[in-house]
Amino acid sequence: MKKSKVVALIPARAGSQRVKNKNIRYLGGHPLIAYSIQTAIQSNLFDRVIVSTDSELFREIALYYGAEAPFLRPAEYATATSPGIEWIKHALTELDIKDGAFSIIRPTSPFRTVETVKRAWKEFVGNEGIDSLRAVELCSQHPGKMWVLEGNRMRPLLDQSHLEKPWHAGQYQALPKVHVQNSSLEIAWVRVVWEHNSREGKIIAPFLTSKEEGFVIDYERDWALADIMLKNGEAHLPQIDKKPFPMPESA
């Protein structure tokens, strides 16, 4: 299936604000990042599985679970507002990778499976002419029902003046289908980074995720929901055949 060299890039900066240290917080017995590392390794698609982090502790955890962490990300590429393309360019430069493909496997989607990654790669290499592929899912909050406030007035986010019946007055099922990106995965050709200074380029293919595949932990409520999904059997984590990383008390 694999037609070119491909590397998995797992971003894991230490300064998470909405959920403190979420990348190494324990879920189902292991640090969150462990599941993305193991999913990437178990897929047998990647020549290298690389963690980009600014933390020595995160680096130690990454190595423990089988990833490589041959460099630390500079602090200026690890802030809450740092553009993603910066750490990607830094990683590709450090690795001296100039061609092939890369996939971003974020720790915040722990229910993404080996089969998910394999399906995405198959769609990516089978779709000629694209720059990248990105995971998307049907949005739950339709932009046709969103508003922009202007003082004590508001207007629809999307122009609906051409419609006989505005979207904001319709039922969700009757509205045009709109998809929103999630953090499950992205795949792109390396050339895109250098030619377009972006991680996605100009021609982007959708990768449709369903149910827990695209589940993302961004807030404490997401973490609580992830626990419930695991206990109810609604979602499953990748199998990890080793003892949990012994987290230091100071972490």
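Residue indices begin at 1 and follow the sequence shown.
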Taking all non-hydrogen atoms of both residues, which atom of [X] and which atom of [Y] are closest, and how far apart?
{"X": "L45", "Y": "K118", "answer": "CD1-CA, 3.8 Å"}
{"X": "E137", "Y": "N182", "answer": "OE1-ND2, 3.0 Å"}
{"X": "R119", "Y": "F207", "answer": "NH2-CZ, 3.2 Å"}
{"X": "L9", "Y": "L92", "answer": "CD1-CD2, 4.4 Å"}
{"X": "S43", "Y": "V114", "answer": "CA-CG1, 3.7 Å"}
{"X": "G100", "Y": "W189", "answer": "O-CE3, 3.3 Å"}

Less than 4.5 Å apart, side chain to side chain, heavy atoms only: is that true for [X] and [Y]?
{"X": "L208", "Y": "H179", "result": "yes"}
{"X": "L57", "Y": "F245", "result": "yes"}
{"X": "K231", "Y": "I228", "result": "no"}
{"X": "V51", "Y": "F58", "result": "no"}
{"X": "E94", "Y": "I50", "result": "no"}
{"X": "I217", "Y": "L27", "result": "yes"}
{"X": "F46", "Y": "S103", "result": "yes"}
{"X": "L185", "Y": "S109", "result": "no"}

Could you grab the distance from atom [atom1] of [X] to atom [atom2] of [Y], nearest 0.5 Å is fine?
{"X": "T53", "Y": "W87", "atom1": "OG1", "atom2": "CH2", "result": "11.0 Å"}
{"X": "E60", "Y": "S55", "atom1": "CD", "atom2": "OG", "result": "9.5 Å"}
{"X": "I187", "Y": "I104", "atom1": "CD1", "atom2": "CD1", "result": "10.0 Å"}
{"X": "R73", "Y": "E86", "atom1": "CZ", "atom2": "CD", "result": "10.0 Å"}
{"X": "L225", "Y": "E212", "atom1": "CG", "atom2": "CD", "result": "11.0 Å"}
{"X": "T108", "Y": "I33", "atom1": "OG1", "atom2": "CD1", "result": "10.5 Å"}

Identify whether [X] and [Y] are in the same connected component of the hydrophobic contact network (ILVMFWY, side-chain heavy atoms under 4.5 Å).
{"X": "I105", "Y": "I240", "value": "yes"}
{"X": "Y26", "Y": "L32", "value": "yes"}
{"X": "I130", "Y": "V125", "value": "yes"}
{"X": "L133", "Y": "V117", "value": "yes"}
{"X": "V49", "Y": "I24", "value": "yes"}

Taking 4.0 angstrom as the limit, do K22 and D218 come out as a salt bridge? yes
So, are E56 and R59 salt-bridged, with charged N and O less than 4.0 Å apart? yes
If only atom types and distance count, is the side chain of [X] paired as donor or acceptor with the main-chain N or O of [Y] below 3.5 Å?
{"X": "D54", "Y": "P74", "answer": "no"}
{"X": "H142", "Y": "G144", "answer": "yes"}
{"X": "Q42", "Y": "Q239", "answer": "yes"}
{"X": "Y77", "Y": "K89", "answer": "no"}
{"X": "D227", "Y": "A224", "answer": "no"}
{"X": "N232", "Y": "E234", "answer": "no"}
{"X": "S132", "Y": "A188", "answer": "no"}
{"X": "Y65", "Y": "H30", "answer": "no"}

Parallel, tilted or perpendicular: ring planes of [X] versus [Y], cut at 30 and 60 degrees:
{"X": "W147", "Y": "H168", "value": "tilted"}
{"X": "F111", "Y": "F215", "value": "tilted"}
{"X": "F71", "Y": "H90", "value": "perpendicular"}

Not counting sequence neighbours, list each pair that qualifies as a salt bridge (Lys or Arg N to Asp or Glu O under 4.0 Å) and has a residue in residues 179-191. R106-E186, D131-R191, R134-E186, E186-R199, R191-E195
Is atom [atom1] of [X] surrounded by more than 12 heavy atoms (other residues, nucleotides or ligands) closer than 6.0 Å?
{"X": "E150", "atom1": "CD", "result": "yes"}
{"X": "D99", "atom1": "CG", "result": "no"}
{"X": "K242", "atom1": "NZ", "result": "yes"}

Show the numbers, then the answer: is there a side chain to side chain contact (heavy atoms under 4.5 Å, CB included) between I85 and V193? CA-CA 8 Å; I85 189 60; V193 172; 3.9 Å; yes
Intermediate values then yes/no, side chain to side chain contact (heavy atoms under 4.5 Å, CB included), V192 and S198: CA-CA 7 Å; V192 170; S198 78; 4.2 Å; yes
Is it the case that the side chains of T113 and T116 hold a donor-acceptor pair, with the cut-off being a distance below 3.5 Å and no angle test? yes
Which residues end up grouped with Y172 if you chain together Ile, Leu, Val, Met, Phe, Trp and Tyr wherever their side-chain heavy atoms are less than 4.5 Å apart? L138
Measure from NZ or CZ of R25 to the centre of the six-membered ring of W223, then state whether that distance is under 6.0 Å and the direction lies within 45° of the axis. yes
